[in-house]
Amino acid sequence: KHAETFDQQLADITLMPGDGFVFGLFAADEINGVGAALPKDAMVWVGSTDMDGRISVEVPLPYGGYYFKELAAPNAYQVTGERYPVTLTYKNQDRIAAVANGGEPVINRLKTGRIRIIKLDDRYREPNFLQRIFGSGESEAEYRLASAVFQIRSEALGICVELTTDGHGEALSPKLPIGEYVIQEVQAPAGFELTEESQSATITGSEAEVLEYTFRNAPKKVHILKVSSMDGRALPGCEMEIRSADGSVIYSATTDSAGEIAFDMPPAGTYVIAEVKAPAGFVRSPKTHSFTVTDAGEITGETTVMNDPIR
């Protein structure tokens, strides 16, 4: 007897000897022996496999045709429900050698399921009723996020599987045994905040079970701070533009009471901070300031800009 098991190192299903599987031995046909008569399909013996996945029948039986049938399996496994013919050959006057299933191991499949993870940019909004009717609104596919790393864990089963979303913003787990799992993001895509959300999954082993879970990530923010060159105090009321390498304005705003503007992190590249109007009492900065968004979603360069007071 062999049974499937989940190999943590391989993150896949492998085979091992099956312990604790209950089998019955049945008469394949009507058997008439000396002092014994067995009707067809009569169960003549029942027992379970040992830690090596074997069973041994040590009872006197009349010579004839028999078969094994699995009667019960540990909770995580499917009962095969098949008949396994037994071939009998004489070893000596008192013993008969029995070979079941042609000498091939009987294999039990784990009850398993899979988990699919979908990763979305938090800015995606599902089309409303009218948009669905007229086929307008935003396409979810455009907001799918690749390279998010997740862990699927079951402390009870000692399983931890790591998955990374693909170019379609999806990740599909290998077959997992039935049980309770927790799904948690451990690395966000570049330019996005790590979500603290976790979700629970229960795999029941129903046929072709694939459980689907969606996680959203908010984009990181770029913060530009405007301060006085004299005393470092924050400067509200400064009108600013953020321009891409080709001079296009990707964002414009006025600094708030904390002297800041904040906006969603743009794609990787270098950007210029342009001052359109200086705060009251200050000279518009003549300097060019720039910052760079790296492929890893990090910001380098200048994000604090100073203004001199009017003298």
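Throughout, numbering of the chain's residues begins at 1 and tracks the sequence. What's counted below: heavy atoms across the whole structure, side chains too, no hydrogens, waters or symmetry copies.
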Derivation and outcome, side-chain contact (heavy atoms from CB on, under 4.5 Å), residues K220 and E298: CA-CA 9 Å; K220 288 183 177 179; E298 303 298 328; 3.6 Å; yes
Going through the distances and angles, do T112 and E209 end up as a side-chain contact (heavy atoms from CB on, under 4.5 Å)? CA-CA 8 Å; T112 62; E209 180 179 37; over 6 Å; no
Show your reasoning for whether side-chain contact (heavy atoms from CB on, under 4.5 Å) applies to M240 and V276. CA-CA 5 Å; M240 307 180 74; V276 178; 6.0 Å; no
Show, in sequence, the C-alpha distance, side-chain angles and deciding distance for C238 and K277, and conclude whether the side-chain contact (heavy atoms from CB on, under 4.5 Å) test is met. CA-CA 6 Å; C238 178; K277 181 180 178 182; over 6 Å; no
Using the rule given for ring-ring contact (aromatic ring centres under 6.0 Å, His included), can you reason through Y77 versus F21, listing the C-alpha separation, both sets of side-chain angles and the distance that settles it, and then say yes or no? CA-CA 9 Å; Y77 291 90; F21 293 82; 5.2 Å; yes
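Clustering ILVMFWY residues whenever any of their side-chain heavy atoms sit less than 4.5 angstrom apart, transitively, puts L145 in a cluster other than the one holding L194. Follow the hydrophobic side-chain contacts under 4.5 Å out from V44 and you reach V59 in the same cluster. If you chain together hydrophobic residues whose side chains sit under 4.5 Å apart, L71 and V86 never meet in one group. Both V161 and I13 belong to a single network of hydrophobic side chains, linked directly or stepwise wherever heavy atoms of I, L, V, M, F, W or Y lie under 4.5 Å apart. Two different hydrophobic clusters hold I118 and F192 under the rule that ILVMFWY side chains link at heavy-atom gaps under 4.5 Å.
For the residue pair E180 and S200, no side-chain donor N or O sits within less than 3.5 Å of a side-chain acceptor on the partner. Between the side chains of D29 and Y67, not a single donor N or O lies within less than 3.5 Å of an accepting N or O. Judged purely by distance below 3.5 Å, without hydrogens or angles, the side chains of D308 and S229 pair a donor atom with an acceptor atom. Judged by distance alone, the side chains of T270 and S290 never bring a donor and an acceptor atom under 3.5 Å apart. A donor-acceptor contact closer than 3.5 angstrom is absent between the side chains of N101 and E82.
Taking a cutoff of 4.0 Å between a charged side-chain nitrogen and a carboxylate oxygen, D231 and R233 qualify as a salt bridge. Ion pair E4/R109 flagged as a salt bridge, since at least one NZ, NE, NH1 or NH2 atom sits closer than 4.0 Å to an Asp/Glu carboxylate oxygen. Taking a cutoff of 4.0 Å between a charged side-chain nitrogen and a carboxylate oxygen, E212 and R116 qualify as a salt bridge. The existence of a salt bridge linking E170 and R144 is confirmed by a sub-4.0 Å separation between a basic side-chain nitrogen and an acidic carboxylate oxygen. For the pair R123 and E142, the salt-bridge criterion is not met [side-chain N within less than 4.0 Å of a carboxylate O]. Ion pairing between a basic and an acidic side chain is recognised when a charged N comes within 4.0 Å of a carboxylate O; E260 and K226 show no such pairing. With respect to the salt-bridge test (charged N to carboxylate O, under 4.0 angstrom), the residues K221 and D264 qualify.
S154 places no side-chain N or O within 3.5 Å of a backbone atom of Y181 that could act as its donor or acceptor partner. Between the side chain of T255 and the main chain of I261, no donor-acceptor pair closer than 3.5 Å is present. Here the side chain of S48 pairs no donor or acceptor atom with the backbone of V22 at under 3.5 angstrom. Between the side chain of Q199 and the main chain of Y213, no donor-acceptor pair closer than 3.5 Å is present. Between the E241 side chain and the V249 main chain, no donor and acceptor come within less than 3.5 Å of each other. A donor-acceptor pair under 3.5 Å is formed between the side chain of T165 and the backbone N or O of S147. When atom types are taken as modelled, the side chain of E185 and the backbone of A148 share no donor-acceptor pair closer than 3.5 angstrom. Here the side chain of E193 pairs no donor or acceptor atom with the backbone of A218 at under 3.5 angstrom. One N or O on the side chain of D50 and one on the backbone of R54 form a donor-acceptor pair closer than 3.5 Å. Remark: side-chain polar atoms of Q184 are not paired, donor with acceptor, to backbone N or O of I152 under 3.5 angstrom.
Between Y143 and Y124, the angle of the ring planes lies from 30° to 60°, which puts this pair in the tilted group. Using cut-offs of 30° and 60° on the angle between ring planes, the pair F215 and F150 is tilted. Under the 30°/60° scheme for interplanar angles, the aromatic rings of F68 and W45 are found to stand perpendicular.
Counting non-hydrogen atoms of neighbouring residues, nucleotides and ligands closer than 6.0 angstrom, the CZ atom of R125 exceeds 12 such neighbours. In this structure, E155 places its CD atom where only 12 or fewer heavy-atom neighbours from other residues, nucleotides or ligands lie under 6.0 Å away. Heavy atoms from other residues, nucleotides or ligands lying under 6.0 Å from NE2 of H168 number 12 at most.
For the atom pair I310 CD1 and F282 CZ, the distance stands at 8.5 Å (nearest 0.5 Å). The structure places CD1 of I107 at 7.5 Å from NE2 of H2, a figure rounded to the nearest 0.5 Å. Going from atom OG1 of T14 over to atom CG of D7 covers 4.5 Å, rounded to the nearest 0.5 Å. Here CG of D52 is found 10.0 Å from CE of M16. Values are rounded to the nearest 0.5 Å. Annotation: the span from T195 atom OG1 to D122 atom CG amounts to 8.5 Å, rounded to 0.5 Å. For the atom pair F291 CZ and H223 NE2, the distance stands at 11.5 Å (nearest 0.5 Å).
In this structure the side chain of I242 reaches within 4.5 angstrom of the side chain of F263, judged on heavy atoms. Using a 4.5 Å heavy-atom threshold, the side chains of I250 and R243 count as separate. Side chains of M230 and P309 form a contact here, defined as non-hydrogen atoms less than 4.5 Å apart. Side-chain atoms of T5 and L15, non-hydrogen and from C-beta on, never get closer than 4.5 Å to each other. In this structure, T292 and I299 have side chains that are not in contact, with every pair of non-hydrogen atoms separated by 4.5 Å or more. The shortest distance between side-chain heavy atoms of V149 and E162 falls below 4.5 Å. The shortest side-chain heavy-atom distance between T214 and L120 falls under the 4.5 Å cut-off. Side-chain contact between K69 and F26 is present, with at least one heavy-atom pair separated by less than 4.5 Å.
The shortest non-hydrogen separation linking L163 to P174 is CD2-CD, 4.3 Å. Taking every heavy atom of both residues into account, P17 and M51 meet most closely at CB-O, 3.7 Å. Nearest heavy-atom pair across Y66 and A27 is CD2-CA, 4.0 Å. The shortest heavy-atom contact between P74 and D19 is CG-O, 4.0 Å. Between G113 and I203 the shortest heavy-atom distance is N-CG2, 3.5 Å. When all heavy atoms of A258 and L225 are compared, the closest pair comes out as O-CD1, 3.4 Å.
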